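Report on the following structure.
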Amino acid sequence: MPPRKWSPEMKILHIETGLHLYGGAQQVLYLLGGLKAGGGVNILVCPAGSAIGAAAVSSADVVEAPMGGELDPRFLFSLVRVIRERRPDLVHVHSRRGADLWGPIAARLTGTRALLTRRVDNPEPPWLARIKYSPYERVVTISEGIRRVLLSEGLPPERVRCVRSAVDSRPFKGERDREWLRREFGVGPEETAVAVIAQLIERKGHRSLIQAVPGILRKCPRARFLFFGKGPLRGELEQLCREAGLGEKVLFAGFRKDLPRVLPCLDLVVHPAFMEGLGVSLLQASAAGLPIVAGRAGGIPEVVRDGVNGYLVEPGDVSALEESVVKVLLDPGLARRLGHAGQEIVGGEFSLEAMVEGNRRVYREILGLNEAGAP
C-alpha cells in the first residue's frame, strides 16, 4: 500500500470488539467524540450489532464487520479491506476480544503502524508479553498500575505510555430523587443504599461483600445493598445470599443504562475487587459525589485515595471491608466530605479533555508530528 501524504488531520482507525457499552467501550466512545471535535478523522471497526457501533455514528465512520467469535478470520479480512480502502495514519486497537489478535496482523499486512490500549492489570509471563506487544509502536495503559505490570514483564519504558480513563462528570450531577429510587428498587426512605457496580465475575470480589453484609447489618440495620451488573456468577451469588438469609437485603438489579440517574440517589459505592485496571464505575461514583470503599488492587488507588474520598482495604479482608463500610454509613458528615473530595479529584485529574489529549499526544509521537500536527 503506497504511503499516505501527510495531513494535519490525523486519520485513526479504531478497533473495538466489545458488544456492550461497558467501561472500555464507553471510553472509546468518549475518545471518538473528542478526536472529532479537535478535527480528527475516525474510522471505527466493530462487530455487527454492537452497542458502540450504533452510538458512534456521529463521531466516526462506522464499519460493522462479521465476527462469530474471537478466532473468526472473517474479521481479519474485513480489517485488511477497510485499512486498504481508508488508508488510516494509525490503527488503534482498543479491546482484547479478538481485536488484539487480528488488529496487529491486519496492520502489518497493510504496512500501517499500530498501538494498543490495555485496560486490565492481570500479569502475563514475560515471554508472552514480549511476543504479544512486539507488533505495537506503543502500548497505552489506562492506569499507572497497569503500566507497572507491563514494565515488570520486560516491556521497554519508552514503548509504554499511561493515559488514564476519564468520565464525563456532568450527567452524574443530577438531583437526588429518592422517591424514584424507592419505586424502582424498593429502597425505603429510611434505608441507606449501598451499591456495587461491576460485572458479576470472580475478580470483582462480590463474595467478600456478601460475607461482610451480616456484620454490617448488625451495626447498620437500615442498609440495603444493590448489585448492578450482570455476569456468569449471578446464580451462585444469589444462592450465597439466600443461604445467609440476606434475600430481602441484597437486590440483584442487573445491568443499567441509566446510571446517571441512579448514582446521585445512592449513599455509598463498594468495589471489593481483587484485580482492576482502573475502575470506570469508581470515576462515575466520584463524579456523583459518593464515598467509596474499595479493594487496594490494580489502578484503584489512583481513583480512591485512602481517607480522602474513600477507604481502601486489602482484597479479601472481610473484617476490614465491614469496618470501613460501617464507618462511612454511621457518619453522614464524613460521607459528604469524602464524596466532595471525590468530585474534586475526578474533575481535576480524570477529565475527558485530558484523556483525549493524552491519546492524541501518543499518536503524534508515533507519527513524528509536533503539537501543531506538522512533521
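Here the structure is a predicted model, which is why all the values come from computation and not from measurement.
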Salt bridge between [X] and [Y], side-chain N to carboxylate O under 4.0 Å?
{"X": "Arg81", "Y": "Glu85", "result": "yes"}
{"X": "Arg224", "Y": "Glu248", "result": "no"}
{"X": "Arg222", "Y": "Glu191", "result": "no"}
{"X": "Glu124", "Y": "Lys132", "result": "yes"}
{"X": "Glu236", "Y": "Arg207", "result": "yes"}
{"X": "Lys204", "Y": "Glu276", "result": "yes"}
{"X": "Arg361", "Y": "Glu365", "result": "no"}
{"X": "Glu190", "Y": "Arg178", "result": "no"}

Answer whether the closest heavy-atom distance between the side chains of [X] and [Y] falls below 4.5 Å.
{"X": "Leu35", "Y": "Tyr363", "answer": "yes"}
{"X": "Val328", "Y": "Leu338", "answer": "yes"}
{"X": "Val270", "Y": "Val325", "answer": "yes"}
{"X": "Val82", "Y": "Ile43", "answer": "yes"}
{"X": "Val346", "Y": "Val167", "answer": "yes"}
{"X": "Leu268", "Y": "Leu290", "answer": "no"}
{"X": "Thr17", "Y": "Phe75", "answer": "yes"}
{"X": "Met10", "Y": "Leu367", "answer": "yes"}

Look at the side chain of [X] and the backbone N and O of [Y], then say whether any donor-acceptor pair between them is shorter than 3.5 Å.
{"X": "Glu16", "Y": "Cys46", "value": "no"}
{"X": "Glu153", "Y": "Pro125", "value": "no"}
{"X": "Ser351", "Y": "Gly347", "value": "no"}
{"X": "Arg242", "Y": "Ala244", "value": "no"}
{"X": "Ser143", "Y": "Gly277", "value": "yes"}
{"X": "Trp102", "Y": "Glu70", "value": "yes"}
{"X": "Ser169", "Y": "Ala287", "value": "no"}
{"X": "Glu302", "Y": "Glu144", "value": "yes"}
{"X": "Asp267", "Y": "Thr192", "value": "no"}
{"X": "Lys173", "Y": "Pro260", "value": "no"}

Should [X] and [Y] be regarded as members of a common hydrophobic cluster, given that ILVMFWY residues are connected when their side-chain heavy atoms come within less than 4.5 Å of each other, either directly or indirectly?
{"X": "Ile300", "Y": "Tyr311", "answer": "no"}
{"X": "Phe172", "Y": "Phe350", "answer": "yes"}
{"X": "Val93", "Y": "Leu71", "answer": "yes"}
{"X": "Ile366", "Y": "Val356", "answer": "yes"}
{"X": "Val91", "Y": "Leu76", "answer": "yes"}

Going from [atom1] on [X] to [atom2] on [Y], what distance comes out if it is rounded to the nearest 0.5 angstrom?
{"X": "Lys327", "Y": "Leu329", "atom1": "NZ", "atom2": "CG", "value": "12.5 Å"}
{"X": "His14", "Y": "Leu32", "atom1": "NE2", "atom2": "CG", "value": "5.0 Å"}
{"X": "Ile345", "Y": "Leu282", "atom1": "CD1", "atom2": "CG", "value": "11.5 Å"}
{"X": "Arg336", "Y": "Asp331", "atom1": "CZ", "atom2": "CG", "value": "8.5 Å"}
{"X": "Leu237", "Y": "Leu209", "atom1": "CG", "atom2": "CG", "value": "10.5 Å"}

Provide the closest heavy-atom pair for [X] versus [Y] in the form atom of the first, atom of the second, distance.
{"X": "Val303", "Y": "Leu278", "result": "CG2-CD1, 3.6 Å"}
{"X": "Ile201", "Y": "His206", "result": "O-ND1, 4.1 Å"}
{"X": "Gly229", "Y": "Leu200", "result": "O-CD1, 3.7 Å"}
{"X": "Val313", "Y": "Ser324", "result": "CG1-OG, 3.5 Å"}
{"X": "Pro264", "Y": "Ala288", "result": "N-CB, 4.3 Å"}
{"X": "Asn309", "Y": "Ser286", "result": "ND2-OG, 3.7 Å"}

Exercise. Are Ile197 and Leu263 close enough, and set up right, to give a side-chain contact (heavy atoms from CB on, under 4.5 Å), and what steps lead you there?
Worked result: CA-CA 10 Å; Ile197 307 166; Leu263 283 171; 3.3 Å; yes

Count the heavy atoms of every other residue, nucleotide or ligand shown that sit under 6.0 Å from [atom1] of [X], and state whether that count exceeds 12.
{"X": "Glu323", "atom1": "CD", "result": "no"}
{"X": "Lys249", "atom1": "NZ", "result": "yes"}
{"X": "Glu175", "atom1": "CD", "result": "no"}
{"X": "Arg176", "atom1": "CZ", "result": "yes"}

Exercise. Restricting to pairs with a member in residues 210-221, which pass salt bridge (Lys or Arg N to Asp or Glu O under 4.0 Å), not counting sequence neighbours?
Worked result: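 Every salt bridge (Lys or Arg N to Asp or Glu O under 4.0 Å) pair that includes a residue of residues 210-221, provided the two are not neighbours, is Lys219-Glu322.
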
For this session: Take Arg119 and Thr117, measure what side-chain contact (heavy atoms from CB on, under 4.5 Å) needs, and give me the verdict at the end.
Result: CA-CA 6 Å; Arg119 303 186 183 279; Thr117 290; 3.7 Å; yes

Exercise. In chain order, what residues pass the salt bridge (charged side-chain N to carboxylate O under 4.0 Å, His left out) check against Asp168, with sequence neighbours excluded?
Worked result: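 Salt bridge (charged side-chain N to carboxylate O under 4.0 Å, His left out) list for Asp168, sorted by chain: Arg170.
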
For this session: For the residue pair His94 and His92, categorise the inter-ring angle as parallel (less than 30°), tilted (30 to 60°) or perpendicular (more than 60°).
Result: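 If you compare the ring of His94 with that of His92, the planes turn out parallel.
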
For this session: Evaluate the side-chain contact (heavy atoms from CB on, under 4.5 Å) criterion for residues Arg86 and Val63: first the C-alpha distance (whole Å), next the side-chain angles of each, then the deciding distance (0.1 Å), finally the verdict.
Result: CA-CA 11 Å; Arg86 311 299 171 87; Val63 180; 3.9 Å; yes

Exercise. Under the criterion side-chain contact (heavy atoms from CB on, under 4.5 Å), which of Gln199, Arg256, His20 is the partner of Lys230?
Worked result: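 Going through the options one by one, the only one that passes is His20.
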
Problem set entry | Between Arg113 and Tyr136: side-chain donor-acceptor atoms closer than 3.5 Å |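 Distance-only check fails for Arg113 and Tyr136.
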
Exercise. Going through the distances and angles, do Phe185 and Phe228 end up as a ring pair (Phe, Tyr, Trp, His ring centres under 6.0 Å)?
Worked result: CA-CA 11 Å; Phe185 303 109; Phe228 294 104; 5.5 Å; yes

Exercise. Step by step, would you call Phe225 with Cys241 a side-chain contact (heavy atoms from CB on, under 4.5 Å)?
Worked result: CA-CA 11 Å; Phe225 298 84; Cys241 290; over 6 Å; no

Problem set entry | Leu151: side chain to side chain contact (heavy atoms under 4.5 Å, CB included) partners, not counting sequence neighbours |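 So Leu151 forms a side chain to side chain contact (heavy atoms under 4.5 Å, CB included) with Arg147, Pro157, Val160.
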
